[in-house]
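Shown next, in structure tokens, is the structure this report addresses.
Values below: every heavy atom of this structure, side chains too, minus hydrogens, waters and symmetry copies. Here the structure is a predicted model, which is why all the values come from computation and not from measurement. Chain letters run A, B, ... following the sequence lines, proteins first, then strands; residues in each count from 1.
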There are 2 protein chains.
Amino acid sequence: MRAVASKSRMGSRGRPEQSRAAILRAAVREFAREGIAGARTDAIARAAGVNKALLYYYFKDKEALYEAVIDQVFGGLTANVHEVLARRLPPRAKILAYVGAHFDYVASNPLYPPIVHGELMRARRGSTPQFERIVKQYFRPLFTKIAEVLRDGQATGDFRQVDPMHFIPSMIAVIVFYFSSVAPVMRLMTGINPMVPERLAQRRASVLDFISAALFTHPAQQPEGEPK
Amino acid sequence: MRAVASKSRMGSRGRPEQSRAAILRAAVREFAREGIAGARTDAIARAAGVNKALLYYYFKDKEALYEAVIDQVFGGLTANVHEVLARRLPPRAKILAYVGAHFDYVASNPLYPPIVHGELMRARRGSTPQFERIVKQYFRPLFTKIAEVLRDGQATGDFRQVDPMHFIPSMIAVIVFYFSSVAPVMRLMTGINPMVPERLAQRRASVLDFISAALFTHPAQQPEGEPK
DNA sequence: ATAATCTAACTAACTGGTTACTTAAGTTGT
DNA sequence: ACAACTTAAGTAACCAGTTAGTTAGATTAT
């Protein structure tokens, strides 16, 4: 009767990958909003439009679902950012490209910073083997690459003599903090929606300006947008 | 009948303030480590060396206890920081004094940043009247005072033309991020304990250097410690 | 072709452990 | 007498995870 379009194995309701993806997407939202302890599997299932038992059909337990979320978040970031760091660019341009890419990634995935932060909080109270994996797989390579760029720029005289071990975290703080912390306060203090494109562009320019001033030896020509 | 040897386990302990304070201190630890959803009232009572019913004797419920914690955290910060901001100092010295004071406050209360962050996360998913109070009472005055200093410094030509609305959050990000996020990663990546006095001094110098470079128009004489 | 059978995908309803919070009756120091 | 506690038992809600199925398309046998 029915010409089967795809080779995919179907269930009673349709594309299984679609269901899995819906669950993951809902889990990202829920974990971002409520944190790992506050997230409710019932809420995830409801948001995904799926029975709760299906969560356990696709994922061993809440923890496994959380880890899938974590991998999606970090995987996306490193894919984006490493591509930029692999380009052949002079140190200044490369750092600005990296900062811009990192900013753009979190700006278009504003749910991710709270998730990352949640994971860091978890690591505070006892490092799991899971967290060691994340550090090895995602943090360390990123850190190493950026540290290289910093050393290059210092060698050419473009960058001030900063300690990468402290400078890199400060830089990331400036990039990410807006999304993980500033937004709600700003919304309440100014009435402005901080996630609207115009504000995001403003913030982006401000971040690039801040980091340029903190790192470059001499004032530097404008990067791309006008600084503010 | 029974000569009570110890300072007594049962009944009145004399100073009620002491019990209340013990509960609050334990609550700070628990909320910092586990977040608001993850915190367990049983754990707080046990850590305070007090029966769980006593929590409810002093605090209406978990939420009220949490709010008491929040007020302690923010109250302490503003007390410390406003004192510095009220001093008669030239803009550069005042900003550096503020950053130093803010840093010192969180460095000697490393449990506070996670609590603040938890509160901000909570505000993300729907602003409570409680959070509005916090913004009005703590955030807005602090923001206003720092913005004044920035304007002063810009008027004297000491500071670059930055937008306070973006610069202030970035500055706070650099101050706080180490405690709320970097520490666990650093411990795992380098094996170094990030909270040891030597590292803290290093971090402090680095933060002052970073912010000075980002804000001051010309390189500036060294603030107090040597920059790194 | 058709019926029988298989299997992945999915659901409604439940289970049992956990957790915030309460109650009531008593103890102790001032 | 009164405020500051302790003890112990309990309740109701909540919530992660399970169970025992149902459904629909795919495969196989006839």
(request) Mark up nucleotides 20-25 of chain C, 5' to 3', with B wherever a protein heavy atom is under 4.0 angstrom from a base atom, S wherever such an atom reaches only the sugar-phosphate, and - elsewhere. (result) SBBB--
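- Within residues 20-31 of chain A, no residue has any heavy atom under 4.0 Å from DNA chain C.
- A distance of 9.5 Å separates CZ of B/Arg199 from CG of B/Asn193, quoted to the nearest 0.5 Å.
- Around the CZ atom of A/Arg29, the shell of radius 6.0 Å holds no more than 12 heavy atoms that belong to other residues, nucleotides or ligands.
- Across the protein-nucleic acid pair, A/Arg46 atom CZ and D/dA16 atom P stand 12 Å apart, rounded to whole Å.
- Closest heavy-atom contact between B/Asn51 and B/Ala45: C-CB, 4.1 Å.
- Atom CD of A/Glu34 and atom C1' of D/dC14 are 15 Å apart (whole Å).
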(request) In sequence, state the C-alpha distance, the side-chain angles, and the governing distance for B/Arg40 and B/Glu34, and then conclude on salt bridge (charged side-chain N to carboxylate O under 4.0 Å, His left out). (result) CA-CA 8 Å; B/Arg40 298 290 161 243; B/Glu34 310 296 335; over 6 Å; no
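- Rounded to an integer number of Å, the gap from OH of A/Tyr57 to C1' of D/dA20 is 15 Å.
- Taking atom CG on B/Asn51 and atom P on C/dG26, their separation rounds to 17 Å, with Å as the unit.
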(request) Any chance you could lay out the salt bridge (charged side-chain N to carboxylate O under 4.0 Å, His left out) test for B/Glu119 and B/Arg122, step after step, and finish with the verdict? (result) CA-CA 5 Å; B/Glu119 180 61 17; B/Arg122 200 153 89 113; 3.4 Å; yes
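- What separates CZ of A/Phe59 from P of C/dA9 is a distance of 13 Å, to the nearest Å.
- Taking side-chain N and O atoms only, A/Tyr58 has no distance below 4.0 Å to OP1 or OP2 of C/dA8.
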Only pairs under 3.5 Å count here: list side-chain donor-acceptor contacts from residues 70-79 of chain A, not counting sequence neighbours, and write none if there are none.
from	atom 1	to	atom 2	distance (Å)
A/Asp71	OD1	A/Arg133	NH2	2.4
A/Asp71	OD1	A/Tyr138	OH	3.0
A/Asp71	OD2	A/Arg133	NH2	3.0
A/Gln72	NE2	A/Tyr112	OH	3.2
A/Thr78	OG1	A/Phe74	O	3.0
A/Thr78	OG1	A/Gly75	O	3.1

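- In this structure, CG on B/Asp209 lies 11.0 Å from NE2 on A/His166, to the nearest 0.5 angstrom.
- Between B/Phe31 and B/Tyr66, the two ring planes are perpendicular [angle over 60°; tilted spans 30° to 60°].
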